[in-house]
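Throughout, a chain's letter reflects where its sequence line sits, starting with A, and its residues are numbered from 1.
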There are 2 protein chains.
Amino acid sequence: MTVSNRAEQELNSGEVTRLKIMDAAESLIIQHGFAATSLRAIANAADVNLAATHYHFGSKQGLLESVFHRRMRPVGIARLGALSALESGKAALTVDAILKAFFMPFYDAEGSELLTILPGLVARIYAEPAVLTQPLLEKEFSQVASRFVAALQKTCPGVSEQEMRWRFHFMVGSMIQFLRFQAPMGLVNEADGFRDGLDRLVNYSVAGIEQLGVVE
Amino acid sequence: MTVSNRAEQELNSGEVTRLKIMDAAESLIIQHGFAATSLRAIANAADVNLAATHYHFGSKQGLLESVFHRRMRPVGIARLGALSALESGKAALTVDAILKAFFMPFYDAEGSELLTILPGLVARIYAEPAVLTQPLLEKEFSQVASRFVAALQKTCPGVSEQEMRWRFHFMVGSMIQFLRFQAPMGLVNEADGFRDGLDRLVNYSVAGIEQLGVVE
DNA sequence: CTTAAATTAAAACGGTCGTTTGAATCAAAT
DNA sequence: ATTTGATTCAAACGACCGTTTTAATTTAAG
């Protein structure tokens, strides 16, 4: 059997169990957080034996890392890809375009099941106690952040790298808030609510990063 | 014994225990989160019998609510007071001044021990699973938010209440991010780091809320 | 078919969890 | 001094935790 087209390839029993565990863990972790989600609850939701969690992931922490890694790596790749495409294009770089590249994974996920997962998972990474997730964040996110900060700096001459990293920091905070709660408290979101909120987030962030109106 | 000056009044045994428990719980919850903090760890850190936690707070959830309430009510009061003082003053309202009123509790806390507590606690409220803290947030925060949104709207004619609530939503996200991580990843914060970050947060948020430079 | 490896299964390990109980101790008022 | 209520204490409750062990079962290769 060749390794070529893995999409059509049938998964062996072990891989199927691995996926069932990760899916169940992902859903429960999003709902209740990492500490409050037990391996027994995960195994039960996945319809899998409890020991399978340790067989496939070694430990609860190992499962957490796998769950986060599976979703976050494609996000980072999509972001870097979108930014590279932007930089190699002929159009001039704008803050608006760069931020849309950063939010690309969420624009892309519209209409897919990913939209019910990605926001909750990203938000949870930032919500868990730092000792659990800081290594994951550092590993998966820091180089992506650096690339975007550098790109943003090019469009805002006169803004130091340090200052731009602060602004990027605040922008990420707004993004997390949006992913976590979607609309503000008491504001219901209608039909195409996610796209609407995302566009508002872009506008808000562009203003914050450019800071054209602020007088010192 | 009169009730007048409670500051000099000695606390009876029960109140002292209550405070010791809340102090210990606060510190541990900030460090490890609610689910990962056990009542035994709290009682141990407070040098108090385990059963005292249930005697004084009824349940773990009850303790959580008391811990949050104790710090958050003064924050809300300080914010509303600062905003009222602003509105009854003769100077024209500005977004900058309103936001500084909103951040007032953190400006005030500079140099006090509160600065080691408030940021971590506020950040944790937003980090815990929604089912735990959403009632607390709704109760303690929503009316304060409404007052500030209304004030901001007056300084930005043409911005609907709904739109301003979104911008305020994003601003809160940036604030949480700052309170939780202080400086961006990999950026160390020197001597007067907190004040510096707070000022950057104000500038960023003013730009986002006014959105002067954004072309649709 | 046989054999070896990969995977699943059931059961138990020692611990810790939130909560409850009932007696002991303390404080203040009669 | 005695009584009453508030508070503290040690101990235990049943339940659940992450992890490990051992054996059964399935899968794939010789």
With sequence neighbours excluded, what pairs up with [X] under the side chain to side chain contact (heavy atoms under 4.5 Å, CB included) test?
| X | result |
| --- | --- |
| A/Gln143 | none |
| B/Glu128 | B/Phe34, B/Arg124, B/Leu132, B/Thr133 |
| A/Val95 | A/Leu99, A/Leu152, A/Thr155, A/Cys156, A/Val206, A/Ile209, A/Glu210 |
| B/Ala145 | B/Phe141, B/Phe168 |

key: salt bridge (Lys or Arg N to Asp or Glu O under 4.0 Å) involving A/Arg70 - partner list, sequence neighbours excluded   =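 Once residues adjacent in sequence are excluded, the partners of A/Arg70 under the salt bridge (Lys or Arg N to Asp or Glu O under 4.0 Å) criterion are A/Asp23, A/Glu26.
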message = Under 4.0 Å, heavy atom to any atom of DNA chain C: which of residues 26-60 of chain A qualify?
response =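 Close to the strand are A/Arg40, A/Asn49, A/Ala51, A/Tyr55, A/His56.
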query = Tell me the side-chain hydrogen bond (donor to acceptor under 3.5 Å, both in side chains) pairs involving residues 27-36 of chain A, sequence neighbours left out?
reply = A/Ser27-A/Gln31
request  = Scan for ring-ring contact (aromatic ring centres under 6.0 Å, His included) pairs involving residues 44-66 of chain B, sequence neighbours excluded, and state none if there are none.
outcome  = none
Covered region of DNA chain D, 5' end to 3' end, by chain B [heavy atoms, under 4.0 Å] = D/dA6 to D/dA12
